[in-house]
Asker: 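Would you mind keeping the following structure in view while I ask a few things?
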2 protein chains.
Amino acid sequence: MTQVAKKVTLKDIAEQIGCSKAVVSTVLNRSKGNTGVSQPMREKIQQVASEMGYRPNYSSQSLARQKTMTFGAFIPPQPWGSIGSTYESVIFRGIEKACQELDYDLLVFNRFGDQRHENCVEKLYQRRVDGLFLLHAHGGSDWLEGFLKTGVPIVGVDYSNPEDTVDAVTFDNIGAIDLAVNHLHELGHRRIGYMGLCTDRHVPDHVLRRNAYRVAMTSRDLPVDEAWIFDETKQLIPDHVVLDENQLSPSANYILSLPVDQRPTAVITYNDKLAVNLIQDLISQGIEVPHDMSVISVDDSDICKMMRPRITSMRHPLEEMGYRAGYLLHQRTLAENNDAKPIHELFTSEVVERQTTLCPR
Amino acid sequence: MTQVAKKVTLKDIAEQIGCSKAVVSTVLNRSKGNTGVSQPMREKIQQVASEMGYRPNYSSQSLARQKTMTFGAFIPPQPWGSIGSTYESVIFRGIEKACQELDYDLLVFNRFGDQRHENCVEKLYQRRVDGLFLLHAHGGSDWLEGFLKTGVPIVGVDYSNPEDTVDAVTFDNIGAIDLAVNHLHELGHRRIGYMGLCTDRHVPDHVLRRNAYRVAMTSRDLPVDEAWIFDETKQLIPDHVVLDENQLSPSANYILSLPVDQRPTAVITYNDKLAVNLIQDLISQGIEVPHDMSVISVDDSDICKMMRPRITSMRHPLEEMGYRAGYLLHQRTLAENNDAKPIHELFTSEVVERQTTLCPR
DNA sequence: CACATATGGGCCGAGGAGGGT
DNA sequence: GACCCTCCTCGGCCCATATGT
């Protein structure tokens, strides 16, 4: 009973009715070849099309219209993985919402980093997509040029340090850290630390956030004790090193190594994962969170809600960013000349106060 | 400097060289129109194509070959969301790996459930994709018929209770629960409970797992005390009800309500999220996990590794399932007649022992 | 005559310019 | 001007048909 319904084409309908393909095309697919079609003819065509189960052929339409009505989404290979997946999911939700509204489909390139970017570039040359979302890449990447040369419109999403040659939608990293410091400061903290990454790779966001932390502190006349900053300068952990799961996390270890009276009363962590490990380790060592130490993390992934105590975190408007990126890309697609100045939009993050921040003892 | 490189076609190359399009097509895109092309001609064509930067046009190839070299992935709307995202990500990784190997692209339909399935069905009729992955749907859905009628090959992934009309790749729910019971039994537990969902919706997996629990218990001559089973029959919580985050979770509450000597010594939870809440609440109420009570969850999402104590859980081979589904779909695509009997493949889950299961006191 | 090699032109299924009543 | 038709285009695929050796 699997009657692979013989595909019905415009020609079939035209023959059935006894008119030309052009009229049928005009009525069914709003093609602009013809201006006016009489009401009776219009209805007749619609009726027959419906009876025969006509559907426009996608490939054919793409060829004729020189448009695939598809956007691609490219995610560069990431060594960090794990928590990233939900992070991207939220951006995706926004992108998809926009795409649905604009009637674009979404092609996933390299969702998990196995595919090299050269493959993606080839797809662009083949005009497989009308535009491309570039997810959390960062400025200065050597391969960006390859994408741009294809002439296919590109919008970066969560693209830190965007160069002047590409549209980008980003959240305000510096502002986020400033708000975090502000939150702790308002609670009465003055001894505020920053727990960052220990990797030997260059992670732009880490550098950005650490600098932003220093600026936010000094702009409030708060002291910055180098002992409150934990990062690769304190303990370098190359990416290939696998930490023993039964040991305390490096950041917890570090804080515990500080004399009690020299510890910060609150810390900002580079991301949620660091916060999760830190908090659990501190609690296991008898340091109460938030009573003995406040912790605020950055990114506000699902895990912040699931942990007890629930983690105070900086939430970025990732979904809005993705949504906005969709419309920006659509704009570029419509534009005749793509010489228009690249657009950089900055989104503001917010504090989501939960249970890991409190006034100091 | 945005020279939107004039697209180079077969015709351009043919004119440049002074030969016909057909030969060029044979050499560059392996089209079968011609059998033999001389070596000099072959090299000349390749050289010129490379110089001019020729790329086959995707839409045109699709039209001529009647193939889009694209698979779609459809995820039905899910009321539960949240943790599901990482769950699907793992399946996706497998699907993508297969697609990359087979040179198919992946179109995401309805990643977040805003889009209705009718839209997706239309895409199938338009021959936008050569095949479709149907992610964690379940048998008996009223809309499946709509997909099948299009004649486009479909493979269900994580598709419980698959009907006889569709290929499906599933993990063995019943076997997973049996292994979980077995794990606890081997540790010495006899008083084993099951903490399920309290929703008013019909969730096939929940029903399946609860039944499997009963079967696994009786097959080992273990007692099944109805008081050890927590689900919608004990406390019905409609989906629209939002629980107070500051209260204990229903399952923890329930266990605490039992007289100490009537509690199970170990429980299996329907999924990881339930386990996370249960464990944290039990600990907060002075019940040590695993010393006072063992907990094993099902699904083994990332959170199991992040929690302290780390959660023992049942891991499903989701990536392998996705990967396998890719090849199954490809097979269907190649088949002349799709009358071949639908294939149902069952994958086995495994216990990942961590820190929440131990022998009873 | 067989064989290797190359060509012309119709085809896939739609879009659309220009012309005719 | 309202309405409809013919014919060519998009870019690649491939069958049928030449050539030459």
Side-chain angles (χ1 to χ4, degrees), chain A residues 5-46 48-49 52-70 122-123 125-128 130, chain B residues 4-46 48-49 52-69 122-123 125-128 130:
Chain A
K6 171 81 182 69
K7 282 149 285 178
V8 180
T9 70
L10 288 185
K11 198 175 138 207
D12 296 331
I13 296 178
E15 281 171 0
Q16 172 77 20
I17 296 182
C19 65
S20 74
K21 291 189 328 181
V23 211
V24 184
S25 180
T26 306
V27 173
L28 296 180
N29 300 326
R30 293 175 233 77
S31 74
K32 292 152 203 155
N34 286 306
T35 39
V37 178
S38 68
Q39 199 53 31
M41 176 65 106
R42 198 165 216 108
E43 282 163 9
K44 180 72 183 164
I45 289 174
Q46 254 145 5
V48 173
M52 300 179 71
Y54 169 79
R55 302 295 198 304
N57 179 287
Y58 165 69
S59 303
S60 178
Q61 269 188 337
S62 302
L63 178 59
R65 294 180 178 167
Q66 300 283 72
K67 272 187 168 198
T68 62
M69 294 309 284
T70 307
E122 279 307 304
K123 306 284 182 189
Y125 276 121
Q126 295 169 11
R127 307 288 143 174
R128 179 141 206 178
D130 295 339
Chain B
V4 182
K6 172 79 183 68
K7 282 150 285 178
V8 180
T9 70
L10 288 184
K11 196 173 141 211
D12 297 330
I13 296 178
E15 281 171 0
Q16 172 77 18
I17 297 182
C19 64
S20 74
K21 293 188 320 180
V23 211
V24 185
S25 179
T26 306
V27 173
L28 296 179
N29 300 325
R30 293 175 236 76
S31 73
K32 294 154 205 152
N34 284 307
T35 40
V37 178
S38 67
Q39 198 54 31
M41 176 65 108
R42 196 164 219 109
E43 281 163 10
K44 179 71 183 164
I45 290 174
Q46 253 145 7
V48 173
M52 300 179 72
Y54 169 79
R55 301 295 199 307
N57 179 288
Y58 166 70
S59 303
S60 178
Q61 269 188 338
S62 303
L63 178 58
R65 294 181 179 168
Q66 300 283 72
K67 272 188 168 197
T68 61
M69 294 309 284
E122 279 307 305
K123 305 286 180 186
Y125 276 122
Q126 295 169 12
R127 306 289 143 173
R128 180 144 210 178
D130 295 339

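Scope of the values below: all heavy atoms of this structure, side chains included, with no hydrogens, waters or symmetry mates. Numbers restart at 1 for each chain; the letters A, B, ... are given by sequence-line order, proteins then strands.
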Asker: So, taking the atom named CD in A/Glu43 and the one named OG in A/Ser38, what distance separates them when rounded to the nearest 0.5 Å?
Answerer: 9.0 Å
Asker: So, OP1 or OP2 of C/dA6: does either fall under 4.0 Å of a side-chain N or O from B/Ser38?
Answerer: yes
Asker: Which whole-number value in Å describes the distance from A/Arg42 CZ to D/dC3 P?
Answerer: 9 Å
Asker: For nucleotides 11-13 of chain C, print each protein N/O atom paired with a nucleotide N/O atom at under 3.5 Å, atom names and distance only.
Answerer:
{"unit_1": "C/dG13", "atom_1": "OP1", "unit_2": "B/Gln66", "atom_2": "NE2", "d": "3.4"}
{"unit_1": "C/dG13", "atom_1": "O4'", "unit_2": "A/Ser60", "atom_2": "OG", "d": "3.3"}
{"unit_1": "C/dG13", "atom_1": "N3", "unit_2": "A/Ser60", "atom_2": "OG", "d": "2.6"}

Asker: Just compare C/dG8, D/dC4, C/dA14 and give me whichever is closest to any side-chain atom of B/Ala22.
Answerer: C/dG8
Asker: For the residue pair B/Val24 and B/Val48, establish whether any side-chain heavy-atom pair is separated by less than 4.5 Å.
Answerer: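 With C-beta onward as the side chain, the pair stays apart.
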Asker: Compare side-chain N and O positions of A/Ser25 against OP1 and OP2 of C/dG15 and report whether any pair is under 4.0 Å apart.
Answerer: yes
Asker: For the residue pair B/Tyr58 and A/Thr70, establish whether any side-chain heavy-atom pair is separated by less than 4.5 Å.
Answerer: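 No. Closest side-chain heavy atoms not under 4.5 Å.
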Asker: Could you tell me, to 10°, how much the axis swings from one end of the helix from C/dA2-D/dT21 to C/dT21-D/dA2 to the other, five pairs per end?
Answerer: 60°
Asker: So, do B/Asn29 and B/Arg65 sit near enough that their side-chain heavy atoms are less than 4.5 Å apart?
Answerer: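 Contact flag for B/Asn29/B/Arg65 side chains = yes.
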Asker: Measuring only between side-chain heavy atoms, which start at C-beta, is B/Arg128 closer than 4.5 Å to B/Thr68?
Answerer: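 Contact flag for B/Arg128/B/Thr68 side chains = no.
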Asker: Within this structure, what is the CD-to-P distance between A/Glu43 and D/dC3, rounded to whole angstrom?
Answerer: 13 Å
Asker: Without decimals, in angstroms, what is the distance between A/Arg128 CZ and D/dG11 C1'?
Answerer: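 Rounded to the whole Å, the gap is 16 Å.
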Asker: Between A/Lys44 (NZ) and D/dC3 (P), how many Å, whole number?
Answerer: 18 Å
Asker: Just the rounded figure in Å: distance from P of D/dG11 to CD1 of B/Ile13.
Answerer: 13 Å
Asker: Can you tell me how far CG of B/Asn57 sits from OG1 of B/Thr9, rounded to the nearest 0.5 angstrom?
Answerer: 9.5 Å
Asker: Figure out the CD1/P separation between B/Ile45 and D/dG12, and round it to whole Å.
Answerer: 14 Å
Asker: Could you go through the side-chain contact (heavy atoms from CB on, under 4.5 Å) check for B/Val23 and B/Ile17 one step at a time?
Answerer: CA-CA 11 Å; B/Val23 211; B/Ile17 297 182; over 6 Å; no
Asker: Tell me, which pairs form a salt bridge (Lys or Arg N to Asp or Glu O under 4.0 Å) where one or both residues lie in residues 10-24 of chain B, sequence neighbours left out?
Answerer: none
Asker: Take the protein atom CE of A/Met69 and the nucleotide atom C1' of C/dG15, then report the distance between them rounded to whole Å.
Answerer: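 In whole Å, C/dG15 C1' lies 15 Å from A/Met69 CE.
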Asker: Which value, rounded to the nearest 0.5 Å, describes the distance between A/Gln66 atom CD and B/Ser59 atom OG?
Answerer: 7.5 Å
